[in-house]
Structure formats: structure tokens, C-alpha cells
Amino acid sequence: TFVATHARLAGDACCDHMHDGCGFVTQHSALSLSFEASLQAVDASVALPYWDYSIDVERVARDHGGDFGSFVDADSNELWTSTWFGAVGNYKHLSSSKHKIAETPGNASGKAYVVADGRWAYTPTLKAGDGETRNSYGYLRAPWNNNPVQFLTRSSTMCGATHEEYQFDYWQYPTCDVMWALESEKRSLKDFLRVAPYSPHGSIHALIGGTFECGGEFDRLEATLGLNSTTANRFRSVVFNGLKDMFRSGYLEMPKDCAPETSFKDCAASCKNLDTYVAENNTAMLEEYLGLVDFWGLLSDRSFDDRVTALSLICGAGLNVLGDQLEASSPNDISFWPIHPTVDRLFQWKVIAGTLSDMDWPETEYYWGTYGSNVDNVTGHAADDFLEYDLPQLGLKAGEYTNADFLNMSSPLYDTMPYVYAHFKWDHCAELGYAIGNKTALQVAAGDEQYVAPPGDSSAVAGVTLARR
């Protein structure tokens, strides 16, 4: 399945084959095209839509004073009503008490985390098959995310902190300003591929997925260390990175198997040998752990003993649980699918507008994510790495084409791809002074040197044109 493939590639102990590298754009564009083919196998008249979430981001700034809690609030954004993606429901309304999540003390809303209305209500989380990526409960999720819930989960907070409480420099949202900078300032393919996964895209997953089962530990952290709420809330919002990084570094111990009725508390990860390192005052290993759990250095002004106390509290509670949009099984959330065509659309327009002067795929430094022990298996981000998605529209099977092949095929200067975008307009941005859809304005902002497509004809792979909208 698409979920299993994404979970395997993004949840590998070795590295992330889909994110934190130059392959992010081509990987997700090819995945989207493969998914579109599956839709068209049922109804040939449909196409995968894109979601220009910068419209919603600017609406948050205009109508809600920059409070991104409104971004995923059904009362403020119709996308989260039952008509569209569905809102976050209340888990206590389920007839079964199994997997019931204790309310996170830091979550003032009192809401639980399951989509409970509309077409996508109670979307099941599949049990992993033989050899598939799994967590300790056997669910098809990232191996570091011991989310015990058998349904799709979303949290509007990060360890109980609302966006208003945790917002700081780490969190950059895809505003018109961000989109304009991507289209006008990033002149090389390398620079575009380096930036596209983050501020123009990444925060959307965090806003939808969120984290939970960690509010209590941060409440205790504030009380124990007298930590000011601003620092604590910022820490709440980024500690999810520690799960993946500790796991890949080999520093997390995960229970092998947990019965369905086992609570998260009894099936949580633990930080390997932490008690021993504390007892022996092994500063080298403690600093190693702190660098992964507090990678932003939010506790850097505290004493070493305070920082170790914080580490012990966070590790002792299992770090956190990730909502499904914030982990390797994110395609299980229907709202995943319209996100990545938006990045593809931005890339296509950049090529059309002529603001790329260097189309060379980097030969080095094409992966900058975390590594596991098997560094020789880091694939997915080099130009000649193969992609693992069937593309029946192009007559291609998984493993028959590379990142470079797909990049060339997806160029809007050729007619290879079986889709076009309905338009390249960003009227809401133009109203704010960002003329993203104005080719001349972009070219002036980018400078005189413009990319010129090399001669060639990629039309040997034919396709039927369908408009995405």
C-alpha cells in the first residue's frame, strides 16, 4: 500500500529515504502521481487536487491575528468539517474502552485525538504485515512512535501547548513571503531542493498531526525546574524530533510487542542506559542525549544538573506520541495527499518562469538527515537513486527510473506528464504585494541569468493530459 511504502522509506532505522534530502520533491511528486493512477483506475475522469495552503496561512494572519490554532479549527476553517477532512473527535465517545488515551494535563481543550465525523471518521490504522514497518503495538506506524490508537489521530497541540503558546523561530509557515522567496531567490536546483521541504511545506504536517501523551511530563518539568512557560512551551513543540533522532542513533529502547490493551505508559520508549549514565556521571553520553532531545538548545542556559533532570523526566515518560500526519505513516491521513502537489506546482512554475539558472543535481551533500548504523544504505536522494512507485500512466514500474529521470520527465517544458495544473495564479499573494504568478516580476527579482531548457524531446513517454486544480 502507499502507506506501507511511505512508512518503510521514511521509517527506516538507517535514514530517511524520502525527507531531509534532495529527493524530497521528486519522491513525493512520483508518489502523488502513482496515487493519482490508483484513483483513475476507479474513475478515469478524476485527478489528484492540490491544496494551496498558503491561502489558509494568510487567512490566519488576516483574520485570526496569527493564531495558527485556527488553521485546524473546524469553526474557523471548513477543511476540518465533516464535509472535507473531518475534525478531531472525542475518543471517550467510542463504545470500546481499549486504547483510550488519558487526557493530557497540558491540553486545556480537553479533546482527544481521533477523527470522529464525516467520510474519514474512524479511519483505521492498519496492522503491519510481515516485514512491514511497525511500532510496538504492531500498527503500521514509525517504529519510534508507539501510538496505541487503532484509528487515525490528530492533535491540535504540541505536548499540550497551543500554537500561540509555543510559536518561535523554529516554526516557519508557508506565507506568501515564503513562497515568493522560494520562487524568486533560490536560483539553483540545489537551493530549491534544500528549502522546499521545510518552510514552504513541513509545518503543515505538524499543525495537523501534533503530539500528545507528553503534556504531563512538561507540566512536571516546569514545576520541578521552575522553567518559565515560554521556554517550556517551545520545548514542547520540538521534542518530537528527539524520538526519531534518538531511535536512529540507537539510543531508544522500544518494547518488542505490546498487547492492544496496553497503555502507552506501559509501552513507551525509554532512553537506553540513561539511569546508568546519570549514576556514573557519564557527561559524554548525557551531552549526546541532550543534543538530540534538546537540539535547539532551549535549556542551554540552565545548569548541567538541571538539563539532566529534564532529560530524565522526558525520557521517563516515553518522550511523546506523534499524530499520524507528523510521522512515517502520514499518507493514512487523507489530508496528506493534496499537500505535495502544491510543492510540485511551485517547482513547475519556477521552471516556466525561468528563475533557475543551475539545474545540476548535487553530487554530494544530497542528504542531511539523521543516520543509523548502516550508512551504506542511504538511498533516495542521489540523482541516480531509483524511485519505488509504479507509474502506469508513463508505462514505468517501480525501480525503473531515477530521481534525475523523474525530474526531467516532470519538467513542464515537455509534454511527458499526464497532468497539467489549471493555472499558476496566486491572487491572494498578489493582493499582498507578492506577484508570484507574474513571470516578469519573478525574473526581475531573480536577476538576469535565467535557465534555458536543453534541447531534447521527452515525448517518447506519452500520456493523456488531465488538469489538476
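Among Thr153, Thr123, Leu152, Ile334, the single residue meeting the side chain to side chain contact (heavy atoms under 4.5 Å, CB included) criterion with Val115 is Leu152. Of the candidates Asp324, Asn146, Thr133, Asp324 is the only one forming a side-chain hydrogen bond (donor to acceptor under 3.5 Å, both in side chains) with Arg141.
Under 4.0 Å is where a charged nitrogen must lie from a carboxylate oxygen, and between Arg236 and Glu165 no such pair does. Residues Asp257 and Arg134 are paired through a salt bridge, judged by an N-O separation under 4.0 Å between the basic side chain and the carboxylate.
Using a 4.5 Å cut-off on side-chain heavy atoms (C-beta onward), Leu394 and Pro418 make contact. Residues Ser203 and Phe71 fail the side-chain proximity criterion, which asks for heavy atoms closer than 4.5 Å. A heavy-atom distance below 4.5 Å is found between the side chains of Asp390 and Lys397. Between Leu31 and Phe35 there is no side-chain heavy-atom pair separated by less than 4.5 Å. Thr355 places none of its side-chain heavy atoms less than 4.5 Å from the side chain of Ser184. The shortest distance between side-chain heavy atoms of Asp20 and Pro197 does not fall below 4.5 Å. Annotation: side chain of Asp12 is in contact with side chain of Asn377 (closest heavy-atom distance under 4.5 Å). Annotation: side chain of Trp426 is not in contact with side chain of Ile55 (no heavy-atom distance under 4.5 Å).
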Before giving the answer on side-chain contact (heavy atoms from CB on, under 4.5 Å), spell out for Met18 and Phe24 the whole-Å C-alpha distance, their side-chain angles and the decisive distance to 0.1 Å. CA-CA 5 Å; Met18 297 191 70; Phe24 166 79; over 6 Å; no
Between Tyr419 and Glu36, does a side-chain contact (heavy atoms from CB on, under 4.5 Å) hold up when you go through it step by step? CA-CA 10 Å; Tyr419 65 88; Glu36 185 172 69; 4.2 Å; yes
As a quick check of understanding, evaluate side-chain contact (heavy atoms from CB on, under 4.5 Å) for Lys439 and Trp349, giving each step before the final call. CA-CA 9 Å; Lys439 190 184 300 186; Trp349 177 238; 4.2 Å; yes
Test log, rule side-chain contact (heavy atoms from CB on, under 4.5 Å), inputs Leu319 and Phe247: CA-CA 12 Å; Leu319 281 82; Phe247 177 85; over 6 Å; no
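Between the side chains of Asn77 and Trp84, not a single donor N or O lies within less than 3.5 Å of an accepting N or O. For the residue pair Asp67 and Ser70, no side-chain donor N or O sits within less than 3.5 Å of a side-chain acceptor on the partner. Asp333 and Ser330 share no donor-acceptor pair across their side chains, judged by distance under 3.5 Å alone. Between the side chains of Asp344 and Ser32, no donor-acceptor pair is found at a separation under 3.5 Å. For the residue pair Ser335 and Gln325, a side-chain donor N or O sits within less than 3.5 Å of a side-chain acceptor on the partner. For the residue pair Tyr113 and Asn147, no side-chain donor N or O sits within less than 3.5 Å of a side-chain acceptor on the partner. Between the side chains of Asp52 and Thr342, no donor-acceptor pair of N or O atoms lies under 3.5 Å.
Of the possible polar contacts, one joining the Thr211 side chain to the Cys159 backbone as a donor-acceptor pair under 3.5 Å is found.
We find the CG-OH distance between Asp177 and Tyr434 to be 4.0 Å, quoted to the nearest 0.5 Å.
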